[in-house]
Amino acid sequence: MNVSADLVSDVAEVLLSEEQIAAKVAELGARISKEYEGRELTLVSVLKGSLPFMADLMRRITIPVRIDLMEVSSYGGTATESSGLVRILKDLSAPIEGRDVLIVEDIIDTGLTLNYLMRYLRGKNPRSIRVCALLDKPARRLVELDIDYIGFEIPDEFVVGYGLDFGEIYRNLRFVGVLRPEAYES
Ligand code: PRP
């Protein structure tokens, strides 16, 4: 891996600017607040990629929310391809039985991670379970999924920033950008 000292030089193109992301997150937060009005929501962030999205989205939601964090990792795949096998590195810290749950994801790619997570969390008997993903890459989908809230549909390009990594780097970029091939081919 060949990471430039100033990260931004490794980005070929800004796909979603900081301003575009902020506007979309505000819109999603308003929709969620309206649709769950009068209820209490449990936001389940799927680490690590969803960390900035979760932090921004929760502050755009005006109804009472609880938050919980899960960390999962796919294994057996490569840095750019997921394998479909999911391992739970950190589980929920509180029961979700009878609660309205919203899974907060940064990106849905093949859909394998979310497919696994939905089945796992449904087994804990929540009152309802829905999904909010900032990015959706439908071209890569391997399993059919209903995603209730989607920020942006993006093309099948390798994206980093706003939580998304390559080799654990680039998560702290404030925008979503397409990585230069030189950065991941080396
Ligand atoms: C990313 C993302 C989703 C998953 C989507 O996580 O946050 O959880 O991949 O891919 P899929 O639809 O093909 O299953 P990743 O495993 O890269 O971990 P990270 O969030 O810690 O970066």
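Ligands are counted one by one from 1 in listed order, and the atoms in each one are counted from 1 as well. We count residues from 1, following the sequence as given.
One distance of note links CG of L102 with CE of M58; it measures 13.0 Å at 0.5 Å rounding. In this structure, N172 CG and D165 CG are separated by 11.0 Å, a value rounded to the nearest 0.5 Å. The distance from atom OG of S45 to atom CD of E71, rounded to the nearest 0.5 Å, is 10.0 Å.
Of all the atoms in ligand 1, the ones that sit under 4.0 Å from a non-hydrogen atom of I107 are 2 (C), 3 (C), 5 (C). Of all atoms in ligand 1, listed by their number and element, those nearer than 4.0 Å to a heavy atom of D165 are 22 (O). Ligand 1 places these atoms under 4.0 Å from at least one heavy atom of L47: 20 (O), 21 (O). Taking every non-hydrogen atom of G49 and a distance limit under 4.0 Å, the qualifying atoms of ligand 1 come out as 19 (P), 20 (O), 21 (O). The contact set between ligand 1 and G111, taken as ligand atoms under 4.0 Å from a residue heavy atom, comprises 11 (P), 12 (O), 13 (O). Numbered from 1 in the order shown, with element, the atoms of ligand 1 that lie under 4.0 Å from a heavy atom of T110 read 11 (P), 12 (O), 13 (O), 14 (O). Within ligand 1, counting atoms from 1 as listed, the ones closer than 4.0 Å to a heavy atom of K48 are 19 (P), 20 (O), 21 (O). Under a 4.0 Å criterion applied to the non-hydrogen atoms of L112, ligand 1 contributes the atoms 12 (O), 14 (O).
Residue R140 does not touch ligand 1, judged by heavy-atom distances below 4.0 Å. Under 4.0 angstrom from ligand 1, the non-hydrogen atoms of T113 come from both its backbone and its side chain. Contacts with ligand 1 closer than 4.0 Å are made by side-chain heavy atoms of R171 only, the backbone lying farther away.
Using a cutoff of 4.0 Å between basic side-chain nitrogens and carboxylate oxygens, E35 and R130 are scored as salt-bridged.
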Practice task
Mind running side-chain hydrogen bond (donor to acceptor under 3.5 Å, both in side chains) on Y120 and D91 for me, showing each step along the way?
Solution key: CA-CA 11 Å; Y120 178 75; D91 206 339; 2.4 Å; yes

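Side-chain atoms of R59 come within 3.5 Å of backbone N or O of A55 as a donor-acceptor pair.
Residue S50 places no N or O, backbone or side chain, under 3.5 Å from any N or O of ligand 1.
Under the 4.5 Å side-chain criterion, counting only non-hydrogen atoms from C-beta, F53 is in contact with Y162.
Within the 4.0 Å heavy-atom shell around ligand 1 one does not find L114. The closest approach between a heavy atom of S73 and any atom of ligand 1 is not below 4.0 Å.
For R174, the CZ atom sits in a loose shell: 12 or fewer heavy atoms of surrounding residues, nucleotides or ligands are nearer than 6.0 Å.
Side-chain contact of S50 with D106: a donor-acceptor pair under 3.5 Å is absent, judged by distance alone.
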